[in-house]
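What follows is one structure encoded as structure tokens, with my remarks underneath.
Given the structure is predicted, the values throughout are model-derived calculations rather than measurements.
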Amino acid sequence: MFKRILVANRGEIALRIMRAARELGCETVCVYSEADRDGPWLELADAKVCIGPGPSADSYLRFDRIIAAAETMEADAIHPGYGFLAENAQFNEVCNDCRIRFIGPSPEAMAALGDKIACKRLARETGTPVFPGSDGQIEDPEEAAVIAQDIGYPVIVKAAFGGGGRGMRIAHDEQELRAGIASATQEAVAAFGNGAVYVEKFLERARHVEVQCLGDDHGNAIHLYNRDCTSQRRHQKLVEEGPAPNIDQDVRDRVCESAASLIRAARYSGAATCEFLMDQQQQFYMLEVNTRVQVEHPVTEWITGVDIVKASIQVAAGEPLPVKQEDVRLNGHAIEFRINAEDPDRDFMPQAGVVDTFNVPGGFGIRVDTHVRPGYRIPPNYDSMIAKLIVHGRNREEALARARSALAEFRTGPGATTLSLHRRLIETPQFQNVDMDIHWVERWLEKQ
Ligand code: ADP
């Protein structure tokens, strides 16, 4: 096992990683920016190192300062958490070169799955369902027009190295397709330094369903079933639950197994998530693979009993996976609500500043992952998520009742948060009856 792990992140995930590390007997070093000087999570670290001013580009994204901190503090591993450098294959490689273990996949596996075209090819080979579309990069618009005609409009043009919803264009006819290829290529060059684009079928009313996977360096790869993350706003997830409701068991098992095969084929070690869109007939199409621990991992931890963050550290240290596929059992239903410091009644305006009221719910089947306490000042520099409320019940109905009670008990102030949105959202027939697609929250908000 590692002696000392450097946590290259902040907030609730820094806390989550340090707790898992301590459980494994590892010491922790936490890096922080000047804006996070008073971050309550730093109290749990055995040592802390300031790596620069508030803006991420000057601190949490600085390879040189993070590596220097790891070397000075003699950390033998770095956990990147999610966001920041978590999916940066170059940083991963630099860690390798400096003989510091990056807690996550090898740089090669990360790069192979991070390239959406290469990932789609590998998925095809392993039987993971992908969208019909171009086999690889679009070389000229003529070729794209033939493919689009063949699969039928609407289609979507996507950047091979894209992320965050950028470098994507929807096209309903050939004219839009030609314009879309030109502008997506331009945007991809500017944003990602690589203009490669591809074309695939665009699904109109889809649910977002993803499969949590884990792999190790001994050739093992398993899945921990699925999650539904259909409730989104501007491609940002708001609510996640697992197992994904209203999916036939045989369909679910097939997709989960194919996701594990993909991870195995990539010789993947660590936590990964295969994201899919699912249509009304329960047809699945892979979107992309996230090569890191995700925000919504607690949902899966609760329904499978597997500590995903701890497992990510164990496999990075060379241990085999702590659980075999046949021992993974589904237990009940879990729902996670992202509590963001944003005002849902004022176009989700960020609410930085001091939190004076922070009353967290508790009791049976309630988990709150947060770094906030009364008196904490939310810096304006980072993601607005201040807490995750996760509830568990024997079934979805019980989890929903528990969510209703916990959301009512949770009090924050003076700034607005998304708590009020969640209280209303769980009462909608759409959420209660799983009558959802990825744009349902936006349509519902417009009518409010
Ligand atoms: P990014 O890496 O930028 O997040 P994704 O491939 O995950 O890109 O796609 C982001 C979002 O775009 C998806 O969550 C979905 O809402 C939409 N999207 C992407 N591909 C399709 C598709 N083929 N059909 C319908 N929607 C899509």
Evaluate the ring planes of Trp41 and Tyr376, with Trp represented by its six-membered ring, and classify them as parallel (under 30°), tilted (30 to 60°) or perpendicular (over 60°).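 Perpendicular.
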
Taking the six-membered ring for Trp, are Phe84 and Tyr60 parallel (under 30°), tilted (30 to 60°) or perpendicular (over 60°)?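 Parallel.
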
Distance to the ring centre below 6.0 angstrom and angle to the axis at most 45 degrees; does that hold for Lys48 and Tyr32?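 The answer is yes, since Lys48 meets both limits relative to Tyr32.
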
Residue pair His297 / Arg16, side-chain heavy-atom distance below 4.5 Å: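 His297 vs Arg16: side chains touch.
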
Counting C-beta onward and ignoring hydrogens, is there a side-chain heavy-atom pair between Ile66 and Leu85 closer than 4.5 Å?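 Touching, per the 4.5 Å side-chain cut-off.
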
Lys/Arg N to Asp/Glu carboxylate O, Lys120 vs Glu125, below 4.0 Å: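 Salt bridge between Lys120 and Glu125, a charged N being under 4.0 Å from a carboxylate O: no.
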
Under 4.0 Å between a side-chain nitrogen and a carboxylate oxygen: does that hold for Glu275 and Lys237?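 Counted as a salt bridge, because a side-chain N and a carboxylate O are separated by less than 4.0 Å.
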
Kindly say whether the aromatic ring centers of Tyr285 and Phe131 come within a distance under 6.0 Å.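 Centroid separation for Tyr285 and Phe131: below 6.0 Å.
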
With a cut-off of 6.0 Å (strictly less than), are more than 12 heavy atoms of other residues, nucleotides or ligands near CZ of Arg233?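 Yes, CZ of Arg233 has more than 12 neighbouring heavy atoms, counting only those of other groups under 6.0 Å.
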
Tell me, please, which residues at least two apart from Tyr268 pass ring-ring contact (aromatic ring centres under 6.0 Å, His included).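 Per chain and number, Tyr268 pairs via ring-ring contact (aromatic ring centres under 6.0 Å, His included) with no residue.
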
Between Glu288 and Lys158, is the salt bridge (charged side-chain N to carboxylate O under 4.0 Å, His left out) condition met? List the steps. CA-CA 12 Å; Glu288 64 172 340; Lys158 294 168 81 169; over 6 Å; no

Starting from the C-alpha separation in whole Å, work towards a yes-or-no answer on side-chain contact (heavy atoms from CB on, under 4.5 Å) for Thr126 and Ser258. CA-CA 7 Å; Thr126 58; Ser258 74; over 6 Å; no

Any side-chain to backbone donor/acceptor pair from Asp36 onto Gly39? Under 3.5 Å, distance only.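 Between the backbone of Gly39 and the side chain of Asp36 there is no qualifying donor-acceptor contact (under 3.5 Å).
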
